[in-house]
Amino acid sequence: MLNLGHSCVATVLRRVSVGLILDVGEGEEVLLPTKFCPDTSAENIEVFVYLDGEGRAIATTQTPKAEVGQFAYLQAIDDSDYGTFLDWGLDKDLLVPFGEQHRPMVSGKSYLVYVHISKADGRIIASSKIDKFLDDDRPHNFHAGQPVQLIIANSTELGFKAIVNNSHWGVLYKNEVTQRLSFGDSKSGFIKYVRPDGKLDLTLEGGEEVRDRNTETVLDYLRANDNFVPLHDKSNPEEIKKALGMSKGAFKKAVGSLYKRRLIALEKTGIRLLE
């Protein structure tokens, strides 16, 4: 079965006057037009497979900004009688039919969309009605500490809603976010906590590399301030963020790590370097 809307490594079968005939798997043959043919005699080529204007499967070496089954923040560039076209990195633009637009789209603006295959005609299209593609009632195997990919979707009173691994909603709490986030941003993050109902709490700070970086930040700040900093577990999160550029939770983890290593002393009014 043709893996439409996805990248694959294809095998070159033969050259024809208009390009190369490729085997994209399962015995499916697809044309790679001459304009995309590499200047090598390689037997295998990585390509993306989609449908051309006449509904025929075709390959390209161009890389789309999103494949089928993924969300992306794309710019609207043109209108038609059927909907709005988005720039997704290919010569052939991506259509969002009017019926798939959460609100009427305007050329020049960017929108968060989901790329999928139309049940009506089998073509690759996009939809800005993203909620219908995120099923939070569907079981998942996420666990605390797991690295994930996030797309920032919108802001709430609690913080930011983000799409987790193109499948579920999660929340980044604003008092734990130490960087500027914008709608449509793609970020690497971590699962902070899986609630009993399966909902996901997220963090941008996690993993051994980040923890090490945070501890070094605290150490550097101590050394630059006469080995003492007036911050502790009762300090205002904004004070910590202003001084160290990290959330209070990240600060407490860094301090805990340094304390266990006997590099600092915990005092009533702050922490002191023991080096």
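Values below: every heavy atom of this structure, side chains too, minus hydrogens, waters and symmetry copies. Quantities reported herein were computed from a predicted structural model and do not represent experimental measurements. Position 1 is the first residue of the sequence, and the numbers go up from there.
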| request: Give the C-alpha distance, both sets of side-chain angles, the deciding distance and a yes or no for side chain to side chain contact (heavy atoms under 4.5 Å, CB included) between Ile191 and Val164. | output: CA-CA 9 Å; Ile191 303 297; Val164 184; 4.2 Å; yes

Might you point out which heavy atoms bring [X] and [Y] nearest each other, and give the distance in Å?
X      : Y      : answer
Ala10  : Val24  : CB-CG1, 3.9 Å
Val30  : Ala59  : CG1-N, 3.4 Å
Ala126 : Leu94  : CB-CD2, 3.6 Å
Asp121 : Arg123 : OD1-N, 3.0 Å
Ser186 : Ile151 : OG-CG1, 4.1 Å
Leu90  : Thr63  : CD2-C, 4.1 Å

| query | Taking the six-membered ring for Trp, are Phe71 and Tyr114 parallel (under 30°), tilted (30 to 60°) or perpendicular (over 60°)? | reply |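 The rings of Phe71 and Tyr114 sit tilted, inter-plane angle from 30° to 60°.
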
Got more than 12 heavy atoms from elsewhere within 6.0 Å of [atom1], [X]?
X      : atom1 : value
Lys234 : NZ    : no
Arg272 : CZ    : yes
Asp226 : CG    : no
Arg103 : CZ    : no
Arg262 : CZ    : no

| Between Tyr193 and Leu200, does a side chain to side chain contact (heavy atoms under 4.5 Å, CB included) hold up when you go through it step by step? | CA-CA 6 Å; Tyr193 178 66; Leu200 303 173; over 6 Å; no

If you measure from the Lys or Arg side-chain nitrogens to the Asp or Glu carboxylate oxygens, is any gap between [X] and [Y] under 4.0 Å?
X      : Y      : answer
Asp52  : Lys92  : no
Arg14  : Glu29  : yes
Lys35  : Asp91  : yes
Lys248 : Asp233 : no

Hey, are [Y] and [X] close enough side-chain-wise for a donor-acceptor pair under 3.5 Å?
X      : Y      : answer
Lys187 : Gln179 : yes
Gln101 : Thr84  : yes
Glu67  : Ser7   : yes

| If you round to the nearest 0.5 Å, how far is CG of Leu20 from CG of Leu13? | 9.5 Å

| Backbone of Gly25 reached by a side-chain donor or acceptor of Glu28 within 3.5 Å | no

| request: Check the pair Val148, Phe190 against side chain to side chain contact (heavy atoms under 4.5 Å, CB included), reporting the backbone distance first and the verdict last. | output: CA-CA 5 Å; Val148 290; Phe190 299 85; 5.6 Å; no

| query | Just wondering, do Phe160 and Ser182 contact through their side chains at under 4.5 Å, heavy atoms? | reply |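 Contact flag for Ser182/Phe160 side chains = no.
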
| query | Shared ILVMFWY cluster between Ile124 and Tyr111, side chains joined below 4.5 angstrom? | reply | yes

| said: One pair to check against side chain to side chain donor-acceptor pair (under 3.5 Å): Glu100 and Ser128. What are the steps and the verdict? | reply: CA-CA 6 Å; Glu100 293 288 349; Ser128 60; over 6 Å; no

| task | Could you tell me which residues satisfy side chain to side chain contact (heavy atoms under 4.5 Å, CB included) with Tyr82, sequence neighbours excluded, listed by chain and number? | result | Ser80, Leu95

| Do the ring centers of Trp88 and Phe48 come within less than 6.0 Å of each other? | yes

| task | Tell me, with the steps shown, if Leu274 and Leu263 meet side chain to side chain contact (heavy atoms under 4.5 Å, CB included). | result | CA-CA 5 Å; Leu274 295 178; Leu263 296 178; 5.9 Å; no

